[in-house]
Chemist: 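Let me give you the structure first, and then I'll get to my questions.
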Amino acid sequence: MKKYDVVTTISYPKKGAMGKTGNWRVFRPILDKKKCVKCLRCWIYCPEATIIRNKDDSVDIDYVYCKGCGICANVCKVKAITLEREGKKK
Amino acid sequence: MKKYDVVTTISYPKKGAMGKTGNWRVFRPILDKKKCVKCLRCWIYCPEATIIRNKDDSVDIDYVYCKGCGICANVCKVKAITLEREGKKK
Amino acid sequence: MSEVMIDTGNYIAAKAAVLCKPDVVAAYPITPQTTLVEGIAKYLATGEYKGEYICVESEHSAMAACIGASATGVRTFTGTSSHGLLLMHEMLHWASLARLPVIMCNINRVVGPGWNIWADENDSISQRDTGWIQFYCSSNQEIFDTVIQSFKLGEHEKISLPVMISYNAFILSHTSMPVYLTDQKDVDAFLPKRKPKWKLDPDNPITFGNIILPAEYEKVRFDMQKSHEYAKKLIPEISKEWKQRFGRYHGDLLEFYKCDGADYILLSMGAIGAESKVAVDNLRKEGLKVGLARVRCFRPFPREEIQKLSKKAGLIVIDRNISPGMEGALFTEVKASLYGYTDAKVYGFIAGLGGKDVPFGDIEKMCKKVVNSKAKHLEWFGLKGV
Amino acid sequence: MSEVMIDTGNYIAAKAAVLCKPDVVAAYPITPQTTLVEGIAKYLATGEYKGEYICVESEHSAMAACIGASATGVRTFTGTSSHGLLLMHEMLHWASLARLPVIMCNINRVVGPGWNIWADENDSISQRDTGWIQFYCSSNQEIFDTVIQSFKLGEHEKISLPVMISYNAFILSHTSMPVYLTDQKDVDAFLPKRKPKWKLDPDNPITFGNIILPAEYEKVRFDMQKSHEYAKKLIPEISKEWKQRFGRYHGDLLEFYKCDGADYILLSMGAIGAESKVAVDNLRKEGLKVGLARVRCFRPFPREEIQKLSKKAGLIVIDRNISPGMEGALFTEVKASLYGYTDAKVYGFIAGLGGKDVPFGDIEKMCKKVVNSKAKHLEWFGLKGV
Amino acid sequence: MTSADLVEIVFHGRGGQGAVTAANLLVAAALKDGNKGVQAFPFFGAERRGAPVRAFARISHDEIHLRSEVYTPDIVIVLDESIMDIVDVLKGLKKNGKILINTRAKPGEFDFSKKFIVATVDATGVALKHDILIGGMPVVNTPILGAVPKILNRVTLKSIQGIVRSKWKGELAEQNVKATQNAYDAVVVKS
Amino acid sequence: MTSADLVEIVFHGRGGQGAVTAANLLVAAALKDGNKGVQAFPFFGAERRGAPVRAFARISHDEIHLRSEVYTPDIVIVLDESIMDIVDVLKGLKKNGKILINTRAKPGEFDFSKKFIVATVDATGVALKHDILIGGMPVVNTPILGAVPKILNRVTLKSIQGIVRSKWKGELAEQNVKATQNAYDAVVVKS
Amino acid sequence: MAIKDLPVEECYIPGCAACPGCPATMALRVVYKALGRNTVKIIPACCTAVIESLHPHTSFDIPTMNIAFEAAAAGASGVEAGFRMQGKTDITVVAWAGDGGTYDIGIQALSGALERNTNFIYICYNNEIYSNTGIQRSGATPYGAWTTTTVTGKTEFRKEMGEIIQAHHIPYAAQTCIAYPEDLFKKLQKAKSIHGPKYVEIMAPCPPGWRFPMEKTVEMGTMAVETGAWALYEVENDKVTFNGRSKLILEGKIERKPIEDWIKYQGRFRHLFKPKKDIKRIKAIEDHIDQMWERYRKCYQ
Amino acid sequence: MAIKDLPVEECYIPGCAACPGCPATMALRVVYKALGRNTVKIIPACCTAVIESLHPHTSFDIPTMNIAFEAAAAGASGVEAGFRMQGKTDITVVAWAGDGGTYDIGIQALSGALERNTNFIYICYNNEIYSNTGIQRSGATPYGAWTTTTVTGKTEFRKEMGEIIQAHHIPYAAQTCIAYPEDLFKKLQKAKSIHGPKYVEIMAPCPPGWRFPMEKTVEMGTMAVETGAWALYEVENDKVTFNGRSKLILEGKIERKPIEDWIKYQGRFRHLFKPKKDIKRIKAIEDHIDQMWERYRKCYQ
Ligand SMILES: Cc1ncc(C[n+]2csc(CCOP(=O)(O)OP(=O)(O)O)c2C)c(N)n1
Ligand SMILES: Cc1ncc(C[n+]2csc(CCOP(=O)(O)OP(=O)(O)O)c2C)c(N)n1
Ligand code: SF4
Ligand code: SF4
Ligand code: SF4
Ligand code: SF4
Ligand code: SF4
Ligand code: SF4
Ligand SMILES: [Mg+2]
Ligand SMILES: [Mg+2]
């Protein structure tokens with residue numbers, strides 16, 4: 001990435017541009033890999049791109065940035081994802 | 001007509017607001033009342049409102065403001081209006 | 001005693017506006033003005049506001065609609081901020097040249113790009129040449145009082161000019177403070193019905209705004225200037241009347257605070273103008289003779305008042321704006337007002353651009369720099385890392 | 001010797017612009033700018049202009065399109081006037097804060113209502129706070145030379161700012177005068193290819209203009225100011241280079257005319273700036289020691305140059321604009337520049353508003369009033385029937 | 001250096017928890033209690049559900065001319081204790097400053113209780129008990145206000161309850177009022 | 001008071017007759033003839049077909065700094081004699097000034113010929129003769145220019161014809177050139 | 001309705017600044033007759049702002065407010081509200097704008113006023129160019145036409161403003177033409193009688209702009225309709241009715257005349273005929289009109 | 001096409017400023033997948049201008065330019081021309097705007113860009129409000145909906161932007177919805193493949209704006225389509241094709257669900273159900289949708 005030498009509002013791509021947005025989470029999506037049928041609905045609908053699609057189309061959750069909206073749980077037809085209240089300490 | 005006491009661009013209706021626009025005329029429409037069938041086409045199409053519609057639907061031309069566009073002559077189906085080049089002196 | 005309402009600057013402004021019973025409000029939302037508009041919408045829903053609220057599709061249209069309504073002779077109000085104000089620019093000129101007393105709150109917000117929603121006065125300062133009367137408020141009470149006063153001022157037969165009441169984004173617009181209200185009947189008594197100088201009226205079929213030749217146009221400008229000059233007399237009168245009726249007073253064109261015997265007088269506006277009082281208190285405690293003349297009214301520019309001040313003390317000017325390629329606008333106009341009149345020392349600071357906080361400690365530092373003869377002619381205060 | 005072309009200011013501007021090979025022109029017609037745009041359209045039809053001409057649906061979009069194009073790294077040009085300029089207001093701020101060197105001609109025309117298409121500088125003066133560099137030309141030759149110079153200036157790596165080249169409606173825009181052209185190859189040699197400071201580029205996926213916090217925004221403003229300050233150095237350099245290459249010279253930030261030994265120096269701009277030369281000639285013939293410093297560049301404001309002048313002579317300022325509630329903008333800024341620096345006498349006149357003709361005889365009268373100590377601090381010259 | 005009687009308060013919470021409302025209610029109550037100068041304001045930015053947010057309050061006997069942020073609060077109020085993991089809530093807290101936390105823990109469990117006066121109250125529990133819920137989530141901002149008079153004598157519980165009653169109506173108001181009382185009774189202060 | 005060698009000219013005509021073009025062509029020719037300073041400009045307003053219009057020209061050996069209107073012309077050129085009934089074409093004309101009129105009349109027929117130098121030429125006739133028509137109407141602005149060198153020695157017929165040739169092409173140019181020659185030959189000057 | 005039935009009273013006063021043969025004043029006379037004196041007019045920058053004549057005089061005998069070029073409809077929203085708040089609900093509020101002020105720079109304010117249901121009549125007189133500024137292209141300029149900004153002929157087709165307006169689903173919209181004063185009169189009377197936003201567009205051939213002799217304004221209008229380049233219709237609450245010749249064309253009762261019959265009389269299309277006939281572009285124009293009628297037939301029959 | 005076929009690559013980077021459950025980021029991810037990295041995006045003021053996160057960082061991995069609220073399409077015209085002049089004709093230029101920036105303040109620039117044939121894709125994500133400024137009414141807000149500026153429910157029907165766009169006769173236009181990522185993907189890929197102006201509008205239910213729980217964004221989108229409040233279709237050179245459920249509804253193969261099924265889950269319509277069911281207004285909404293489908297059937301079947 002080339003940095004431009006100019007004092008105006010130029011911004012550069014960064015993961016966590018707003019910090020670790022996982023901190024915003026009140027509910028935590030928990031994935032039960034055994035139930036998952038790799039339909040990828042959670043992956044495509046996650047507004048945060050925090051469902052990680054693996055090579056074999058299995059999925060994982062990026063808790064550092066997942067905001068806990070619950071959409072993944074909601075769209076999963078086999079209920080492989082459930083929501084849990086975030087505990088006092090992560 | 002009430003005149004407003006304020007210094008901004010307020011204008012009041014006036015005949016000949018741009019002066020005697022008959023002066024612009026290069027061609028002069030001449031009406032032959034005998035030919036006229038009182039269809040009023042010249043009256044309604046005149047862009048200047050300078051065809052005067054009389055009570056009996058006969059028409060006259062207001063040469064003070066008529067700009068000489070020739071539309072009246074052109075729309076008159078009985079050719080009761082003809083155009084003449086304006087003479088040196090009116 | 002009158003009722004106290006504790007609310008944010010925007011809701012207070014909405015309250016004040018509604019008490020003035022504008023027939024037409026036309027506005028478009030923009031942060032941080034939105035709650036002002038929402039306030040009006042709420043009063044409309046409750047029936048406390050009985051006029052028309054036109055939801056337009058842009059600020060350009062908001063001002064155009066206010067102009068249209070005002071031209072029928074009714075009272076109009078609107079509010080905006082920053083980019084909304086900039087988009088109105090053409091229509092601001094229009095309203096003033098048409099001599100239509102549209103009253104508008106502007107919430108001072110930074111001009112982009114980049115997007116920045118915080119306080120900075122470049123938005124309204126960029127409108128200084130549009131012919132609008134401009135107030136800058138420093139408390140919610142002042143917003144309330146000034147909105148009502150502005151209708152009287154703008155609609156006055158010797159003025160007939162639009163008025164902009166500016167106040168800082170969030171620092172005032174979104175900060176709750178207690179405000180003494182004025183009762184509806186008192187507002188009614190204070191504020192005469194608008195008597196328009198001209199209006200659209202089928203019984204009097206004038207044409208407004210057609211082509212005008214140079215010599216006549218020049219007169220339009222001159223008359224506008226005369227009204228601005230007259231406003232310098234009228235504003236103190238209105239403030240005085242307000243004070244007599246309701247006991248509240250925020251100054252005339254300027255508000256003076258501890259100026260007696262001051263060696264230096266601070267000139268600042270908006271929120272910094274309030275914060276400056278704290279700084280002055282502290283400086284006085286330290287034995288430094290510093291006073292404050294808060295600039296309430298930027299247009300008409302209080303030339304004569306500032307001239308008077310300069311006879312007594314040196315001046316320290318803080319601008320939360322900059323005219324790029326020149327300097328802060330207040331600094332420029334203060335100096336221009338004094339030129340050939342006094343040789344008082346005048347120092348300028350630029351501070352708080354982009355919404356940077358300007359706490360009293362910083363203001364004290366600026367003053368001390370001046371008092372200790374360490375100030376340059378003009379300085380960007382507290383700029384880091386450039 | 002170079003070719004002479006005799007044509008109106010607008011066609012000359014179009015010619016100059018086309019010689020600079022802008023990749024994109026986006027413009028919207030408005031009297032009296034139309035023939036400038038038509039000129040570009042004609043060069044496009046003949047193939048002399050090879051860029052893109054975007055026919056937009058408003059001036060707001062014209063400036064937005066120029067901004068978009070400039071952000072891809074190419075060279076852009078546009079032109080407007082009066083209401084068109086006012087409608088661009090928001091985007092003028094945008095272009096400068098984005099540091100995009102859009103080059104624009106503005107034909108100074110009265111601001112309405114009422115409609116008035118004649119010369120008056122309130123349109124561009126109202127943009128003095130937008131961050132644009134501003135030139136005011138007084139001959140077609142100067143228009144030609146300044147347009148080309150402006151590309152070099154605006155695109156310079158230490159500047160990267162938009163430039164507005166203003167000239168008076170009709171008096172210059174529609175008046176034919178002979179102009180010495182510069183050959184294409186000479187323009188090419190004079191004008192380096194634009195090296196954008198930043199650009200939209202899939203290989204470097206930056207985001208431009210997102211939310212920026214106060215302290216960072218303040219730096220953006222400061223840097224802009226630094227560039228304006230630098231422009232004060234660069235403009236004379238470019239003028240000098242131009243003179244060396246092509247033998248033509250219209251002054252740096254100011255153009256001096258018979259200032260040697262002057263007791264009074266006239267400060268004026270635009271067409272009045274040219275007419276003033278005739279007045280000075282005549283006054284000198286009468287033995288009155290009056291000179292002229294024509295203000296070519298209003299932003300950055302030539303503070304230091306005017307300070308120098310004031311050491312030699314009293315100043316007489318003519319403004320073809322007014323900031324209502326204050327005075328002429330040039331008058332204000334001249335006085336602000338001199339405050340605390342000299343005690344030279346400074347007199348102001350407002351003249352030619354609404355497009356009123358300001359013939360040399362009037363200028364002579366203004367000067368004589370000053371010389372004979374009959375001038376007030378500020379006067380509206382020649383105002384009748386008010 | 002500002003007026004000696006000035007109290008500056010910072011609220012910490014999450015987007016959606018109503019920190020700004022809490023600040024507003026508190027100063028409205030303080031005004032009732034004769035503090036002529038009061039102020040409440042949010043930290044100025046886009047508030048997102050769940051994201052950390054701040055709000056500020058100032059209480060004084062005189063008109064407040066301050067317009068700057070609160071940098072050195074006298075009191076910090078934490079609506080959501082989990083915020084303490086990600087935000088330094090003690091930042092700028094004055095020497096001998098007070099911090100009120102919505103938690104089931106006791107003041108002594110916080111290590112900073114040595115440096116500051118810590119008060120704790122289980123406002124979430126109170127809210128659940130009084131069934132003050134929005135979208136199934138407990139509303140903690142009114143309950144916790146009930147605890148404030150215990151650490152700030154410039155505001156009375158009565159005034160807080162009065163304000164609650166003027167803001168809400170009927171049943172809802174009474175639940176909230178009870179919750180404030182509950183919190184007032186339950187708060188544990190350790191200095 | 002301006003440069004002594006300055007010549008100021010006012011053209012009177014009707015919208016559509018090309019008064020502005022005439023002024024432009026004239027000064028272009030004057031430039032060729034070594035007048036370094038020239039200017040041509042319209043009276044600034046909306047031009048309507050048939051309505052009276054004005055245009056201005058200035059010719060000087062030096063660069064012209066004047067930007068004001070022409071108030072006291074040295075020469076007046078009338079493209080359409082009927083305009084004289086409605087416009088005071090003599091307004092401001094200098095003492096001993098000259099006036100060139102497109103008319104079949106002779107100079108002596110105008111009563112102001114006692115006060116001013118009057119030149120007349122039937123430019124309309126010339127145009128008709130050379131078939132220079134637009135929309136059936138005779139074009140008089142180029143023909144009448146041919147008469148100018150007779151009253152203003154600062155411009156030559158040759159230069160005028162050169163400019164005409166550079167502005168138009170082929171047949172049309174030649175017709176126009178012939179028309180200027182014709183007018184030059186036909187003009188009658190009385191002083 | 002016959003010409004004779006049109007009222008004698010004039011609110012347009014002779015002696016204005018319009019060009020001889022102006023379609024705008026021709027239309028204005030009829031508009032005023034239809035709407036009567038209890039009307040207020042808002043006009044943005046356009047030829048009419050010149051036509052009304054110089055301060056301190058005006059050629060219009062009904063109250064008229066000039067407003068910025070892009071602001072006619074927004075200004076009208078304000079005027080309407082202002083009158084309504086005073087109980088003056090009998091005044092007809094009219095915005096009168098050119099095609100530039102309607103298709104281009106004013107479309108936003110217009111679209112907004114339609115959406116927010118302003119009770120007014122918006123009239124667009126469409127001369128297919130920016131004529132006031134000396135003939136530049138507008139969104140209404142037809143494909144192929146010369147203007148000073150489309151020196152070799154416009155390369156885009158014009159916006160279908162009629163369809164855009166219909167998409168706003170307002171109570172009344174109509175297209176008419178200066179050549180049909182009775183049609184114009186009736187449509188405006190109807191518009192006046194309906195509450196809510198109304199839109200009427202008037203085809204207005206402009207002699208200097210289109211480069212035809214000034215006496216031919218009416219013929220150029222007639223031919224626009226007869227060639228089908230312009231259709232006369234009205235839309236009441238989404239119900240479309242074609243009128244006059246256009247109805248006959250729609251119903252296939254008459255053939256529309258070839259477009260050449262119209263454009264060859266206009267100097268702005270000269271380059272399509274000289275030096276050589278540009279068959280391709282003429283056909284493109286013809287095809288485009290065909291498509292338009294196909295659409296009309298599909299949805300409106 | 002199945003979800004699996006959508007590319008893995010992301011140009012949206014996690015950790016941005018969007019609300020949890022945001023439809024805009026949901027759509028953006030798919031848009032980026034469809035358009036690829038050789039894309040440049042222009043965005044006016046809207047939620048996305050916040051979503052992209054704070055300077056000096058950005059959550060978008062393709063070049064993005066913010067521009068003033070009303071200027072997206074005009075800015076895009078400039079960007080497109082700028083690239084073309086450099087010979088970079090392979091870059092896809094996208095304007096991405098909210099409904100406010102499209103239906104209201106940006107409609108003029110948009111209409112202009114369509115008329116002048118700018119080669120770009122204009123994408124409107126329609127959350128039916130000004131959400132960035134805290135939920136005010138827009139031209140896209142449906143009748144009856146609460147916003148902070150329509151406290152008792154909006155009294156006007158929304159603009160039919162789809163029809164307005166169609167009236168511009170551009171090469172490609174489409175309506176889609178965040179609930180149908182494959183549909184969205186396909187439409188954008190098609191748009192990318194076509195030269196000239198393209199318009200794609202995405203129905204984007206917004207949890208805080210519509211007042212529904214953040215996990216329901218997708219369902220709200222599905223229901224919008226199933227109730228017929230929103231139709232999935234595309235228009236290629238004036239040829240209209242309905243897609244998915246909307247096609248079945250158009251063809252009468254399935255009934256559209258009652259509108260109540262959708263709006264009763266949205267807090268913004270709460271006042272239509274509590275304290276008492278407002279049958280009149282609910283019916284007005286239902287009727288309006290019926291009329292819309294009638295029009296669709298008439299012209300597009
Ligand atoms: C903001 C702004 N831009 C440009 C203009 C210049 N202008 C005035 S009228 C006009 C053209 C009007 O065209 P149209 O609306 O079609 O009316 P017509 O002149 O054809 O009657 C233009 C470009 C202006 N007055 N204001
Ligand atoms: C000229 C101007 N007016 C108003 C605003 C304030 N503003 C910013 S975004 C916005 C609403 C955007 O609504 P929409 O386009 O629907 O996008 P959303 O916020 O819903 O994503 C408004 C009113 C602005 N930035 N500029
Ligand atoms: S909870 Fe929301 S943000 Fe987190 S992974 Fe699921 S869909 Fe994505
Ligand atoms: S939606 Fe459920 S089944 Fe499908 S990939 Fe995600 S977790 Fe697995
Ligand atoms: S010539 Fe033209 S202006 Fe004169 S009366 Fe006939 S139609 Fe009217
Ligand atoms: S058009 Fe002819 S026949 Fe008809 S009224 Fe006029 S003059 Fe008479
Ligand atoms: S240019 Fe056309 S529309 Fe304008 S005044 Fe002349 S004839 Fe009428
Ligand atoms: S308000 Fe709606 S559209 Fe905006 S960021 Fe939040 S969820 Fe997304
Ligand atoms: Mg037009
Ligand atoms: Mg939206």
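Just so it is clear: chains get the letters A, B, ... in the order the sequence lines come, proteins before strands, and each one is counted from 1. Model, not experiment: these values are computed from the prediction.
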Chemist: Considering residues, nucleotides and ligands other than E:Arg104, do more than 12 of their heavy atoms fall under 6.0 Å from its CZ?
Modeler: no
Chemist: Hey, what do you get for NZ (E:Lys32) to CD1 (C:Ile6), rounding to the nearest 0.5 Å?
Modeler: 11.5 Å
Chemist: I need the C:Thr175 OG1 to E:Phe56 CZ distance, nearest 0.5 Å.
Modeler: 10.0 Å
Chemist: If the condition is salt bridge (Lys or Arg N to Asp or Glu O under 4.0 Å), which residues does E:Lys178 pass it with, not counting sequence neighbours?
Modeler: none
Chemist: Assess whether atom NZ of E:Lys158 is packed by more than 12 heavy atoms of other residues, nucleotides or ligands within 6.0 Å.
Modeler: no
Chemist: Can I get a per-line list of side-chain donor-acceptor pairs under 3.5 Å for residues 136-145 of chain E, giving both atom names and the distance, sequence neighbours left out?
Modeler:
residue, atom, partner, partner atom, Å
E:Asn141, ND2, E:Gly18, O, 2.9
E:Thr142, OG1, E:Asn176, OD1, 2.6

Chemist: Should we say atom NZ of C:Lys243 is surrounded by more than 12 heavy atoms from elsewhere, each under 6.0 Å from it?
Modeler: no
Chemist: When you compare the side chain of C:Met177 with that of E:Val38, does any pair of heavy atoms fall below 4.5 Å?
Modeler: no
Chemist: For the CZ atom on E:Arg49, are there more than 12 heavy atoms of other groups (residues, nucleotides or ligands in this structure) within a distance under 6.0 Å?
Modeler: no
Chemist: Show the nearest heavy-atom pair for residues C:His174 and E:Pro42, with the distance to one decimal.
Modeler: O-CD, 3.3 Å
Chemist: Where on C:Leu172 is there a heavy atom nearer than 4.5 Å to chain E: the side chain, the backbone, both, or neither?
Modeler: side chain
Chemist: Would you check if the side chain of C:Glu275 reaches a backbone N or O of E:Ser68 as a donor-acceptor pair within less than 3.5 Å?
Modeler: yes
Chemist: Check the pair C:Ser138 / E:His65 against side chain to side chain contact (heavy atoms under 4.5 Å, CB included), numbers first and verdict last.
Modeler: CA-CA 9 Å; C:Ser138 77; E:His65 296 305; over 6 Å; no
